[in-house]
Amino acid sequence: MMAIFRKLTRGLRALFRSKQTDRELDEELAGFVEMAVEEKVKRGVDRKTAQREVRLERGSVEVAREVVAMAGWESLVRSAWKDLCFGVRMLMKNPGFTAVVILTLAISIGANTAIFSLTDQVLLRDLPVPHPEQLVLLRSPGPNHGRTWDDIDSGAQSFSYPMYKDLRERSTVFSGLLACRGITVNVSGHGETQSVHADLVSGNFFEALEVQPAIGRLLVPSDETAPGANAVAVLSYSYWSRQLGADPSVLDEPLTVNGVPLTVVGVTRKGFYGVQIGSTPDIFIPVTMREQMTPSPDQTLGDRTDRWLPVLGRLKPGTSMVRAQAELQPVYQPLIALDSTLLKLSGDDLKRYVAKPLLLAGGAHGRLVLQESVEAPLVALMSMVGLVLLIACANLAGLLVARGESRQREIGLRMALGASRARLIRQLLTESLLHAAAGGAAGIVLAWWCRNAIAAAIPEGNGLSALANGLDFRVLWFAASLTLATTILFGLAPAIRASRLDLQNTLKDQGSNISGGRSGLTLHRAMIVSQVALTAMLLAGAGLFARTLMNLEHASLGVDPSHVLQFSVAPDLNGHTAEQTLAFADRARNEIEALPGVRSVTISTAEIFANDDYVSNFTPEEYRPGENTDATYLYIGPKYFSTMSIPLVAGREFSEGDAAGSTKVCIINEKLAQRSFPGGNPIGLHLTHGAGKLYLDRPMEIVGVVANSKWDDARSDVSPFLYMPYSQNNALGRLSFYVRTERDPSRMAAAIRSLVERLDPDLPMKNLRTLTEQVGSSMANDRLVAMLSISLALLAALLTALGLYGVLAYVVARRTREIGIRIALGSKPVEILRLVMEQGSWLMVMGGVIGMFSALIAMRWVASLLYGVTIDDLPTYVGVVVLLAIVASAACYLPARRAMRVDPMVALRFE
Amino acid sequence: MPMTDKPTDLIQGTLDMLILKTLALEAMHGYGISVRIEQMSKGVFRLNAGSLFLAVQRLDREGLIDGEWKATENNRRARYYSLTTKGRKRLNDETREWTKQVAAIARILEAS
């Protein structure tokens, strides 16, 4: 131990006080020689002879000094430092080349890390709970009857609460069967009311997931006893630290949620976010509190025909999914049969309903709601950055090899002067490592920047927004090691090659080289062609995505979003009854309309362009069995169609006269009219909400037909719509307001906010923004894909241009002599230009053609992301060709110009 | 060249032992060490400067000897090396080991 320490300190002393150490050694050696000489002189030898004899007997002082100085470990450090200084000097001598290499490294590392990190979090990561592989999702695909909540999978993953409880009690394959439903609630306190995300969960939720509390306790099965009886809540760690300052005194204190005081019993451990990636529940509340948390008079916990609850199970260790699924069928059959009796199904409907199976799906990633909408775009983007990474590697390889070859002579010279192969490799390795280190550092910075840019591009509430702020260091490591390995490998190639070459040949060959042999260029050409092909693919993809975005932005929505301001409130969450909410709606409508600058105001019970729809069946007066009678139901206020600029085709709009007690009325859109009432005039006909024998309400009279309009987003097809007046909704809860203004709607926001706050200070306003913004946020994923793919494709084009330029510049440099001879023999500059341009354009044309065909094949995988454009869209491909041509000419021009200006006299003397 | 660099060529590590032995009596500078080894070996071993100072540096780094700048009898500055406790222990160990080995080798050679 001591010995190592001593070696280290002596070595360090030699390193940092090298002058003194050297001087001491010199003095010691000189003394040694001098004493030997004096000894001889004393014996009568003359001084000159004595000096020669000592030198012969004792060796030369210089060699001794070298031998001693090279022996310690510090000498390695010293020579490495020298290499480093030399490396930096070499890199500084070629700032252009160095910048290109470092930029290429940085871009490929940065972009890949940022996008892979996002993808990894969304698509690849397991839920942060122990043994996520044991988790399964329950789904029962097939026809839906009654009320079904559908956030994914056509509602196959929603179950009624009694069904869930029966499955939990009767099945034997699970160590825990849990239920969890995300909702929005109002939390009030400190004089303000906030809208927060909550999860309604079964009592065994945390036990089944094996989650630990940070403080207090989590919910247990005894917290799920009877409807309304379990007024407790668990906070998420992020909500607790963000909103409550991580104050432990919140335990056992009441928290007012939807006007109901819930006792806070604990906080979950850090990093737990429920069972859905991208969701960020703030509060966990027992499922038995549903009626208080999602008030609606016709929804009760015990209703078997109301399927609203997602269910996940944790399989007992050693139980396979297949076996569990088989064992669940006999449990599920009687339950689904019971449902069908309650739904009063008969005939084919009954047969198909009771045939619904209960299936299991892997649940390690949790509920896949976010993944369903972003998987395709993320995979597309990931493929694109992957391609950019390939291009970058090919580009680096090409650049480094070209540069290595231009240094062949230098390397040959060094070897001739006695540099060992190991020493040369070390020198080149140092240079490569310098490149790699600088590029890697810049890459990390760029990854950070890209991440922030992506996070900024994702609107709040998109689901991805909660995930966009993480950088994954494993991914960073992957991208970095790939590019760094490329750099080091191809940076070393010339050293390995040179050291194998016969010295004389290297020096001679370079000297007598006239036309720059073609053999060595095959690798470069192949790399340029593949780069061009990959770039063409990326450009084609970017073109298609850009056109998709343009098509979406100009798609006919059926509504006019300009000059409309929107916001939503949920009075029911504050404990308001339907009557109170109705009164508030009417009053707010009138008061907002009275504001200066407001043209008209209307209300609907769901938000447009937010995937907020309620689909149900209806029964027309003359029902033909087997007829498709589903429709999107929407309660709206008077002036809805005029405010939204949806043209009225026949009949009338709702008016103030369509009140709670008057005749029940409805308006349908053209799509519904054409499907359900083909050929006839539907006005005056009646239909009833509900199907089979389960009518949910009294019949309604159709009073109007309106033009079709989009609802979910610009991309989706128009669905059949059934509009009813909100005044006739006996469960009126949530309200979305739409205000058409005379001028810029965003300027009205403050006035409207203060007015609503005056009407009800406890009512949080959600999504107060212009309708144009709302439409924009519904296209956020399309915009993200388009923007990123365009950036990536341009980046690829830039890299390819650099690569092409590098190779052509190298070719021109190697052929300078040949070009000189040609000019001397009377070649015109144009011919020289053609000579160089031909080289570049052939590579471009070959790469372009390969790339186009690959794009045609590859684009099939992203076809689902496109809108209004097909994968063989001609204008896109023409655009790609034009862009590639521009890139090629730009990359060829500089070397070609240099070739044209070759002075034959200089060229022939050169080398 | 007569017998210049033979010691290190002959048996690796013996030079270290010889230097330690030389320093066992008193502190000495580099030239002193080489002269003493030459005298004791009756001229069989003559040390080359490189080998000597390489060994000295190695012993110094291992903490077996310590160097100190002092004036010589001729009023010249030289670094005098002396054995550390650790060096003395090492010398004893190596001498014992060496004697054992030499005796063993001698027995083998005499046996034939």
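Nothing here was measured: the structure is a model prediction, and the numbers come from that model. Each chain gets a letter, A, B and so on, in the order its sequence line appears, and its residues count up from 1.
- Here A/Leu56 contributes atom CG and B/Asn48 contributes atom CG; the two are 11.5 Å apart, rounded to the nearest 0.5 Å.
- By the neighbour-count criterion of 12 heavy atoms within 6.0 Å, atom CZ of B/Arg90 is sparsely surrounded, having that number or fewer from other residues, nucleotides or ligands.
- The environment of NZ in A/Lys40 is crowded: more than 12 heavy-atom neighbours from other residues, nucleotides or ligands sit within 6.0 Å.
- For the pair B/Phe53 and A/Arg65, the minimum side-chain heavy-atom distance is 4.5 Å or more.
- The contact between A/Glu38 and chain B is made entirely by side chain atoms (from C-beta outward), counting heavy-atom distances below 4.5 Å.
- Using a 4.5 Å cut-off between heavy atoms, B/Leu64 makes no contact with chain A at all.
- With sequence neighbours left out, A/Asp46 forms a side chain to side chain donor-acceptor pair (under 3.5 Å) with A/Thr49.
- When all heavy atoms are compared, the tightest approach of B/Ser34 to A/Phe32 is OG-CE1, 3.7 Å.
- Most heavy-atom pairs under 4.5 Å with chain A: of the set B/Val56, B/Val35, B/Asp60, this distinction falls to B/Asp60.
- Annotation: A/Arg52, atom CZ; neighbour count of heavy atoms from other residues, nucleotides and ligands within 6.0 Å does not exceed 12.
- Per-residue heavy-atom pair counts under 4.5 Å with chain B were compared for A/Gly31, A/Ala64, A/Ala36, A/Gly59, and the maximum is reached by A/Ala36.
- In this structure, CD in A/Glu34 is found 11.0 Å from OG1 in B/Thr72, a value given to the nearest 0.5 Å.
- For CH2 of A/Trp81, the number of neighbouring non-hydrogen atoms (other residues, nucleotides, ligands) closer than 6.0 Å is 12 at most.
- The shortest side-chain heavy-atom distance between A/Val33 and B/Tyr31 does not fall under the 4.5 Å cut-off.
- A donor-acceptor pair is defined here as one N or O able to donate and one able to accept, closer than 3.5 Å; such a pair exists between the side chain of A/Arg58 and the backbone of B/Leu47.
- Between A/Glu27 and B/Arg76 there is no side-chain heavy-atom pair separated by less than 4.5 Å.
- Heavy-atom distances place the side chain of B/Ala78, and not its backbone, under 4.5 Å from chain A.
- One distance of note links CE of A/Met35 with NE2 of B/His29; it measures 4.0 Å at 0.5 Å rounding.
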